[in-house]
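Below is one structure, written out as structure tokens, with a few remarks after it.
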Amino acid sequence: MEGKGAQVNILLAGKTHQVSEGATGFDLFELREVIAMHVNGEARDLSHVITAEDQVEGILIDSPAGLEILRHSTAHVMAQAVQEMFPDAKLGIGPYITDGFYFDFDVEEPFVPEDLKRIEKRMKELVGKSQRFTRVEVSDEEAKSLMANEPYKLELIGLKSEDVQEGSVEVSSGGLSVYENTNPDGSFAWRDLCRGPHLPNTRQIGKSFSLTRSAAAYWRGNENNKQLQRIYGTAWPTKEALEEHLERIEQAAKRDHRKLGAELDLFSFPEEIGSGLAVFHPKGGIIRKVMEDYSRAKHEEAGYEFVYTPHITKSNLFEQSGHLNWYSDGMFPPMKLDAEVGEDGEVRKQGVDYYLKPMNCPFHILIFKSRSRSYRELPLRMFEFGSVYRYEKSGVLHGLTRVRGMTQDDAHLFVTQDQLQEELTSVLKFVLDLLRDYGLNDFYLELSTREEGNPKFVGEDAIWESATKTLEQVAKDSGLELVADPGGAAFYGPKISVQARDAIGRTWQMSTIQLDFNLPDRFKLEYVGSDGGRHQPIMIHRALFGSIERFFGVLTEHYAGHFPPWLAPVQAVCIPVSDEFADYLDSFAGSLKTESVRINVDHSDSRMQKKIRDHTLDRVPFIILAGARDVEAGTVAFRFRDGNQRNDIPLEEAKQIIRDAISNKEQV
RNA sequence: GCUCGAUUAGCUCAGUGGUAGAGCAACUGUUUCGUAAACAGUAGGUCGUCGGUUCAAGUCCGACAUUGAGCUCCA
């Protein structure tokens, strides 16, 4: 770093360095893996000129920031390839995303899989050409003239950053910039409006990328806009990293609850019944029953009262609750009853509309209202496994996690203002403890609050403020990570939702604890206070599983079908080494059956090895074998799902191992 | 709801306009076996539904249903 001219001091990776005036990242970093740099916290190209007192850190290609740049640059190369091969394609946006990137194009004909292969091939050629990414800072006018043939880019230039969503890769709050790809001979290859930064050279993209799928996407995410054709891809610094990524996807596909649901005979969606309406088969039924039984027992302990309400109601109820105003799109259309119309078209008898319920709250409210309530009854906690039906749009249905008919483990809590904090604290603890019992133990909380000044949110400012503060306090006290979700509240109140991470790190919204300032008002709920006056209770909506169906699907994927013994449909299968030892196992299994252990003996005439294979594929937690040796010694042998064995276990000890695993909710 | 794709035996899949196939599962026999697939045989299908093109349709076209990926939505 000796130089001509003046020297300036900079802070490189925290240490003071002297560099020549006008030095760039290329002068600072010799490592090939450094592909960009942070300058005073901002990601910059290596070609960026450093000035005095700058704080500079290199960005490695396999760091989170480096991967984003790699993927974004790969997206540029893809767009270049697409525009070469489809000259009429107009550019949408092309950002990096988790594990990859996409780019949107306005084209006459949607892309087909063969197109993707051809584009990928052309991309590899472009990577081999060693094109340089060159940043050009431009004025609005220059940008408009450079992007004159790109109507969507012109729209973005017009918008600038104020209206563009956060994380935009096209425009930033500063000036505009354009990135040009130039060939080694200096000739121009391609350009895009882009804030950068980029890799120095396309060669650094390497070969470890892949185009994965194409799909339509609305321009700027608005369904009233035109649909553009989006191509998704994934990109990694090394071949190994790409292969690991593909392996992760394969593993995730193997534990897909829809696949496991069929393989393990848990549930199905018969076409005859209709989209999004599941039936649970006997084996899925056992799991569900155990889940429900345990939940009921816990609710009983925690002071909940059990209520039951019907699945349909006259329209009046949902008119009063307001659902028909703001939720009718999500409701099945009404059943029209009792109307009588004469042949002349004259209405002789006014009919009544009945609706399937999309929510349980109004029903519970009617129970609250069935008589006058005293403050002494509060908090009043009503619990129900309530089946609700929602007319979800056909395109959003997804296995058990997005259905049209579901059962919520729904509770509504009616509390006084004074009780709110304590009740919320205990509800959150209750929810987390129960989720842990089901084997989920990696959580974070999301606090959804109101957007200031948006008129859609009902209720007095003071109530919102104090309730939000209370929720936040409760969330903080839990000690869990708390993520803010400003503007994400329902119009009727703020909420905490529990996000759980499953065994392979995906997050699922599970429980919600939601305050409601709207329904108590609409239904004029009141209780008599100690002062003899009438007061309005605060209402808390609370679901723990979200829906049983959804929770079932999440648990299936979390365990990859290897349910712990307490949940497993079949807890143990006994396999005699040959038929003559079946009686011995019958008596072993028989005594556990009297204790309600779900155990049976495989009497089929398959070979022992075949039986082991079948029950292993069925993910039975305990496989128990016995042959001549065991009969003689009064023992059995365990074979576990992972192939491990424990041989020569005395009968009583074997029984205790099984009992303990079930009652302690252990995984085996 | 929108875009693109898929739908053949219980399951996984082959079948590119001319006589519907395989493996597994099921069933029947034989086999009785010490830790992930014994052997043989039998049965099983209006090729999602309806309509069209054609001498002829699982195959080409259209609508609908179901489903997959993505978008939008998810109070």
Side-chain angles (χ1 to χ4, degrees), chain A residues 97 102 104 107 109-113 115-116 212-232 253 256 258-259 262-263 265 268-277 321-323 326-327 329-330 358-359 361 390-399 401-403 448 456-458 488-495 497 509 512 514 516 518-519 541 543 546-547 550 575-582 604-618 623-630 636-648:
Chain A
I97 52 175
Y102 67 77
D104 289 343
V107 283
E109 296 288 322
F111 298 108
V112 297
D115 292 335
L116 263 54
T212 48
R213 57 181 176 260
S214 63
Y218 298 104
W219 167 238
R220 300 188 64 217
N222 185 328
E223 68 179 323
N224 298 316
N225 287 345
K226 182 165 184 178
Q227 282 201 331
L228 307 182
Q229 295 301 318
R230 174 172 298 178
I231 301 179
Y232 285 91
D256 188 317
R258 294 166 299 181
K259 185 175 148 73
E263 277 175 16
D265 198 13
S268 62
F269 290 89
E271 203 177 315
E272 293 84 343
I273 297 178
S275 293
L277 298 167
S321 70
H323 284 89
W326 56 270
Y327 197 71
D329 283 353
M359 294 181 191
C361 352
R390 300 181 180 178
Y391 191 69
E392 300 284 0
K393 288 198 266 180
S394 59
V396 307
L397 298 171
H398 182 92
T401 56
R402 199 76 188 270
V403 291
S448 300
K456 85 166 185 178
F457 297 100
V458 303
F491 74 85
Y492 50 76
K495 71 172 174 189
S497 53
Q509 179 177 323
T512 60
Q514 193 150 357
D516 192 333
N518 180 46
L519 288 176
H541 303 255
S547 79
R550 187 150 197 280
I575 301 176
V577 170
S578 80
D579 254 3
E580 55 185 302
F581 313 114
S604 70
D605 64 355
S606 300
R607 300 176 75 217
M608 181 197 68
Q609 287 86 343
K610 169 71 166 159
K611 292 179 185 179
I612 290 171
R613 177 181 155 82
D614 285 348
H615 299 297
T616 303
L617 289 176
D618 253 1
I623 291 177
I624 290 153
L625 296 111
R629 244 164 45 207
D630 293 293
V636 292
F638 279 82
R639 185 194 158 95
F640 298 95
R641 290 186 284 213
D642 61 2
N644 284 332
Q645 306 177 28
R646 281 186 68 187
N647 295 332
D648 307 315

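Chain letters run A, B, ... following the sequence lines, proteins first and then strands; every chain starts at 1. Quick caveat, the model's predicted, so the values are computed rather than measured.
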With rounding to whole Å, what would you report as the distance between B:U16 and B:G48 at their P atoms? 16 Å
Between A:Val636 and A:Ala626, what is the shortest heavy-atom contact and its length? CG1-CB, 4.4 Å
Length of the CD-P vector between A:Glu580 and B:C33, whole Å: 7 Å
Expressed as a whole number of Å, how far does the C1' atom of B:A69 sit from that of B:G51? 29 Å
Using ring pair (Phe, Tyr, Trp, His ring centres under 6.0 Å) as the criterion, list what pairs up with A:Phe638, not counting sequence neighbours. A:Phe622, A:Phe640
Nearest whole angstrom, please: distance from the P of B:U66 to the CD of A:Glu272. 11 Å
Send over the distance from A:Arg230 CZ to B:G70 C1', rounded to a whole Å. 8 Å
Within the structure shown, what part of the strands sits under 4.0 Å from A:Lys611 by heavy-atom distance: base, sugar-phosphate, or nothing? nothing
C1' atoms of B:A40 and B:G70, separation to the nearest Å: 50 Å
At what distance, to the nearest 0.5 angstrom, does CG of A:Asp618 lie from CZ of A:Arg613? 11.5 Å
A:Asn225 CG to B:C73 P, straight-line distance once rounded to whole Å: 12 Å
Atom NZ of A:Lys259 and atom P of B:C13: how far apart are they, to the nearest Å? 8 Å
Please encode protein proximity along nucleotides 59-64 of chain B as a string of B, S and -, counting only heavy-atom distances under 4.0 Å. ------
Separation between the C1' atoms of B:C50 and B:U46, rounded to whole Å: 13 Å
Sugar-phosphate means primed atoms, P, OP1 and OP2; the rest is base. With that split, encode nucleotides 2-11 of chain B 5' to 3' as B, S or - using protein heavy atoms under 4.0 Å. BBS-------
If I compare all heavy atoms of A:Phe581 with all of A:Pro576, which pair ends up nearest, and what's the gap? C-CB, 3.9 Å
Sequence neighbours excluded, the answer for side chain to side chain donor-acceptor pair (under 3.5 Å) partners of A:Glu263 is A:Lys259
One should read off an interatomic distance between A:Arg258 CZ and A:His398 NE2, to the nearest 0.5 angstrom, of 3.5 Å
Fill in the dot-bracket string of RNA chain B, one character per base: . for unpaired, | for a pair to another strand, ( ) or [ ] for pairs within the strand, taking Watson-Crick or G-U pairs under 3.5 Å. (((((((..((((....[..)))).(((((.......))))).....(((((..]....))))))))))))....
Qualifying residues under side chain to side chain donor-acceptor pair (under 3.5 Å), relative to A:Asp605, sequence neighbours excluded: none
Could you work out the separation of B:U54 and B:G41 based on their C1' atoms and round it to a whole Å? 42 Å
Which whole-number value in Å describes the distance from A:Asp256 CG to B:U67 C1'? 13 Å
Using the ring pair (Phe, Tyr, Trp, His ring centres under 6.0 Å) criterion, which residues pair with A:Tyr218? Sequence neighbours excluded. none
For A:His541, give me all partners under ring pair (Phe, Tyr, Trp, His ring centres under 6.0 Å), at least two apart in sequence or on another chain. A:His412, A:Tyr492
Quick one: what's the B/S/- string for nucleotides 34-39 of chain B, heavy-atom cutoff under 4.0 Å, read 5' to 3'? BBBBB-
With sequence neighbours excluded, residues passing side-chain contact (heavy atoms from CB on, under 4.5 Å) with A:Tyr327: A:His323, A:Met331, A:Pro358, A:Met359, A:Arg390
Taking the C1' atom of each, how far is B:U49 from B:A38, in whole Å? 43 Å
How far apart are the closest heavy atoms of A:Leu625 and A:Asp630, and which atoms are they? O-OD2, 3.9 Å
Report yes or no: does A:Thr212 contribute a side-chain atom to a donor-acceptor pair with the main-chain N or O of A:Tyr232 at less than 3.5 Å? yes
Holding to side chain to side chain donor-acceptor pair (under 3.5 Å), I want the full list of residues that pass it with A:Lys226, two or more places apart in sequence or in another chain. A:Asp106
Assess whether one donor atom and one acceptor atom, taken from the side chain of A:Arg402 and the base of B:C73, lie less than 3.5 Å apart. yes
What distance, rounded to whole Å, do you find between the two P atoms, one in B:U30 and one in B:U67? 45 Å
Nearest-Å distance once atom C1' is located in both B:U66 and B:U8: 15 Å
Examine distances only and state if a side-chain atom of A:Arg639 and a backbone atom of A:Thr616 form a donor-acceptor pair shorter than 3.5 Å. no
With respect to the side chain of A:Lys393, which nucleotide from B:U32, B:G1, B:U66 is positioned closest? B:G1
Map A:Ala490 and A:Gly221 onto RNA chain B by nearest heavy atom, then report which one ends up closer to the 5' terminus. A:Gly221
For A:Val112, check side-chain contact (heavy atoms from CB on, under 4.5 Å) against everything at least two apart and list the hits. A:Glu114, A:Asp115
A:His398 NE2 to B:G1 P: how many Å, rounded? 18 Å
Nucleotide B:G70, atom P - distance to CG of A:Leu397 in whole Å: 14 Å
Using a heavy-atom cut-off of 4.0 Å across all strands, would you classify A:Phe269 as base, sugar-phosphate, or nothing? nothing
Using a heavy-atom cut-off of 4.0 Å across all strands, would you classify A:His541 as base, sugar-phosphate, or nothing? nothing
Report yes if a side-chain nitrogen or oxygen of A:Arg213 is closer than 4.0 Å to either non-bridging phosphate oxygen (OP1 or OP2) of B:G68; otherwise report no. no
